[in-house]
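Quick notes on the structure that follows.
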Amino acid sequence: MTKAEMSSSSDESVPLSESIKRKHENINYDLDSDYDSDDALSKQPKKKKKSKKHKNKKIKIKEESEESDDDEAISKKLEKKKKKKSKEKTVEKETDSLSKTIKKENSKSNVKKEEEEEEQQQQQQAEDSKEESYKWWEDDKTNDEGWKSLVHNGVMFPPDYKPLPSHIKLYYDSQPVELPPEAEEVAGFYAALLETDHGKNPVFQKNFFHDFLQVLKENKGTLNGIEIKSFDKCDFSKIHAYFELLKEEKKKMSAQERKQLRLERQKEEEPYKFCELNGRREQVGNFRVEPPDLFRGRGKHPKTGKLKRRVQPEDIVLNLSKDAPIPVPPEGHKWGEIRHDPTVQWLAMWRENIFDSFKYVRLAANSSLKGQSDLKKFEKARELKKHIDTIRKDYRRNLKSKIMLERQKAVAIYLIDVFALRAGGEKSEDEADTVGCCSLRYEHVTLQPPNIVVFDFLGKDSIRFYQEVEVDKQVFKDLIIFKRPPKQPGHQLFDRLDPSILNKFLQSYMPGLTAKVFRTYNASKTMQDQLDLIPNEGSVAEKLLRYNAANRTVAILCNHQRSVTKGHAQSVQKANARIKELIWQRIRLKKAILQLDKKQRKKNPKYFSEIDDLTKEDEIEIHEKIIERETEKYHRKFLRENDKRKFEDEELLEEKVLNEWLEKVEALKEEFKEELKTGKVEIKPALNTVEKLEKQIERLDLRIETSSIQLKDKQENSEVSLGTSKINYIDPRLSVVFCKKFGVPIEKIFTKSLREKFTWAIESVDENWRF
DNA sequence: GTTATAACTTAGTAACGTGTAG
DNA sequence: CTACACGTTACTAAGTTATAAC
């Protein structure tokens, strides 16, 4: 990998506040020269010049006090709804408090009762949403002017910091350190990540430590005079161990405690979960303000580990109707600003301190606003169908254009269209070095005549894009030209291009056409084509497998990856072993058949041939595995049983009992030994005829097949993430049509939340719909 | 044109919770 | 019935793009 080394030193020895504000100098480039006369380097090397301007506009507070009287209408409305609900719940509440008093004597029935209540609540909610659901997709009026009214309760703040117990401390040079709570919190953020990749990353450590010292300084240093200077002398392990302990305790919590906690949580977030948009109740998405933490940048991020500071109400801008009641800010605080901008979709926003960019609180994915944008996105992609032929014809022609800019545009669009590359905007120094189409550099493509191209670069989220592909002959020639000396590593391949030039050009074909539309278009198109190939036959499970295979093609096209889970290799191994064992069982049954009737082998040699494939070593291995498993089983059973008895004050089982159990295993072991020696198998007495054995074998065949298919699926999916394309790229109507036509329940394909997000698709499409 | 800003979509993963094998 | 693997959701980082400002 030739990833350019990034200087991550820019923040060293600069106080936090300074580093946030600092502007990078703008560098002047010589931009004029004439490319076509071969001065390819006019812009090269393209230094990262995007400087971070920090407006630090103090968010002004517009006083909106006069408005508060007009709110009544809406608040009344809200109240009415609440009343309706609370009326229904008063009864429940009474029984609730009642049951609480009985709780101690009769906790079991209480759990049941609570469960019932919750079920009722959920049903109630489901009914509510059904009754209120607004089918915007059946409306033809378009809401171009933005929302008409927006009423909400603001945002939910994370809890205040709770200092560690006094015996849990940071150690410096083996001395306990008394930290002010503000600094202790930051130390805790790091301690929590101590054993993770982040915690071990030197850049992360450096950035964390810098900001940690800064916070310490802001709070007048340690309380016991210890001066912290070196990261290496800091020992976070006690804090880390304490967090681990907390985790353990949390794991051990009983069902009731969990439920209690969940109920509390639900109650707390209740006011924030919904808002009223144009008079209708809609779900809010991320109503929780992001809690302070260490910034976990992905890939080689220069800023990873920096402190993401706590957001105060004063940092937050709320956006709502003029006549909406203004949510009450937390005690002793004021909102940064109240705004009434119906042209935007956010309910609240704040500026974060890592990049000085904005974070928004917006509606949930199942909201009408998001749904409408989504539909619009897919309709735009479908619109591209009408233009794609022209566009392709044009870029093929322009691959040979005399004008270099045209040639670059042509190649870029080719890459975006064929390999689903992203636009590739410019990035600044203090971000990870990742690229897309327009920002590809010399070192990211290797050319192997006659027309093989190797792409190797880090894309969004520092996910590697590696592909060896054959390209159009002319594209290959153009890439040679784009890489011609004096260009060298570090130089831009498309030195005349950026996404805005490209997008402007694309708009000439179709209004609203941009680079990203190609990804949506090609993803959905691919899905349609793949689904068309699926025959309408077989079980639902088979159809699902086919659907997932189609989904996977799309995910691969879009390079949607996921890291293999830690247990993956192991679980594949386990599954393999399981299959091996099943085969072994099958072989044993076949042997048993031959023991009953030797002539069978002559009749069907192929059927029995696998018997010879089983080696002694394999057999021994399987035997050992089974013995091991059985032994473990009894040990576990023993421990569990005694745990239970201890708890219930009963007499404990003696070691003797365990040994008795284990004798069974010993017996099995002997049997296996015997079997190995003589080659004779002993099968359950019930299976005493050839027919019965054959039937059993048939069953095994089936199990082996399904296990094998599942395993294959699992392996093929281990590095591919299907979710992203399902959520963002594949027109949901394709999936709906598939389900309708093939008799597959939609629940098999869309989870509950996806069904809510895609209700517009589920309810609006008949089975003849095509992308 | 270039650069900055704002607002929106897309993305992987950690945390959570649930179904199911044993 | 439990344990645990696995699917789902919550979270927030990291993109794109339109538009304003220079």
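Letters go in sequence order (proteins before strands), and every chain restarts at 1.
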(message) Counting only heavy atoms not in A:Glu244 (residues, nucleotides, ligands), do more than 12 fall under 6.0 Å from its CD?
(response)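 Result for CD/A:Glu244: enclosed.
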(message) For the NZ atom on A:Lys580, are there more than 12 heavy atoms of other groups (residues, nucleotides or ligands in this structure) within a distance under 6.0 Å?
(response)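 Counting neighbours around NZ of A:Lys580, 12 or fewer heavy atoms of other residues, nucleotides or ligands fall under 6.0 Å, so no.
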(request) Ignoring backbone atoms, test whether A:Ser753 places a side-chain nitrogen or oxygen under 4.0 Å from the OP1 or OP2 oxygen of C:dT8. (result)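 A:Ser753 to C:dT8 OP1/OP2: no side-chain N or O under 4.0 Å.
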(message) Just N and O in the side chain of A:Lys377: are any of them under 4.0 Å from OP1 or OP2 of B:dC8?
(response)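 For B:dC8, neither OP1 nor OP2 has a side-chain N or O of A:Lys377 closer than 4.0 Å.
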Rounded to whole angstrom units, what separation is found between the [atom1] atom of [X] and the [atom2] atom of [N]?
X	N	atom1	atom2	value
A:Asn728	B:dT10	CG	P	5 Å
A:Arg265	C:dT9	CZ	C1'	11 Å
A:Trp346	B:dA6	CH2	C1'	10 Å
A:Lys427	C:dT17	NZ	C1'	16 Å

(request) Please figure out whether A:Leu754 or A:Cys437 has its closest DNA chain C nucleotide nearer the 5' end. (result) A:Leu754
(request) Select from A:Thr751 and A:Lys308 the residue whose nearest nucleotide in DNA chain C is closer to the 5' end of that strand. (result)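 Nearest nucleotide further toward 5': that of A:Thr751.
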(message) Between A:Asp211 and A:Lys306, does any side-chain N to carboxylate O distance fall below 4.0 Å?
(response) yes
(request) Under 4.0 Å from any atom of DNA chain C, heavy atoms only: list the residues of residues 285-295 of chain A that qualify, in numerical order. (result) A:Arg288, A:Glu290, A:Pro291, A:Phe295
(message) I'd like to know whether the aromatic ring centres of A:Tyr729 and A:His560 sit less than 6.0 Å apart in this structure.
(response) yes
(request) Apply the side-chain contact (heavy atoms from CB on, under 4.5 Å) test between A:Leu318 and each candidate in A:Glu337, A:Arg339, A:His152; give the one that qualifies. (result) A:His152
(message) Can you tell me which residue among A:Thr196, A:Thr304, A:Leu193 is in a side-chain contact (heavy atoms from CB on, under 4.5 Å) with A:Asn201?
(response)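 Single pass found, and it is A:Thr304.
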(request) Map A:Asp341 and A:Asp374 onto DNA chain B by nearest heavy atom, then report which one ends up closer to the 5' terminus. (result) A:Asp341
(message) Here's a test of your reading of the structure: between A:Lys250 and A:Asn559, which maps to the more 5' nucleotide of DNA chain B?
(response) A:Asn559
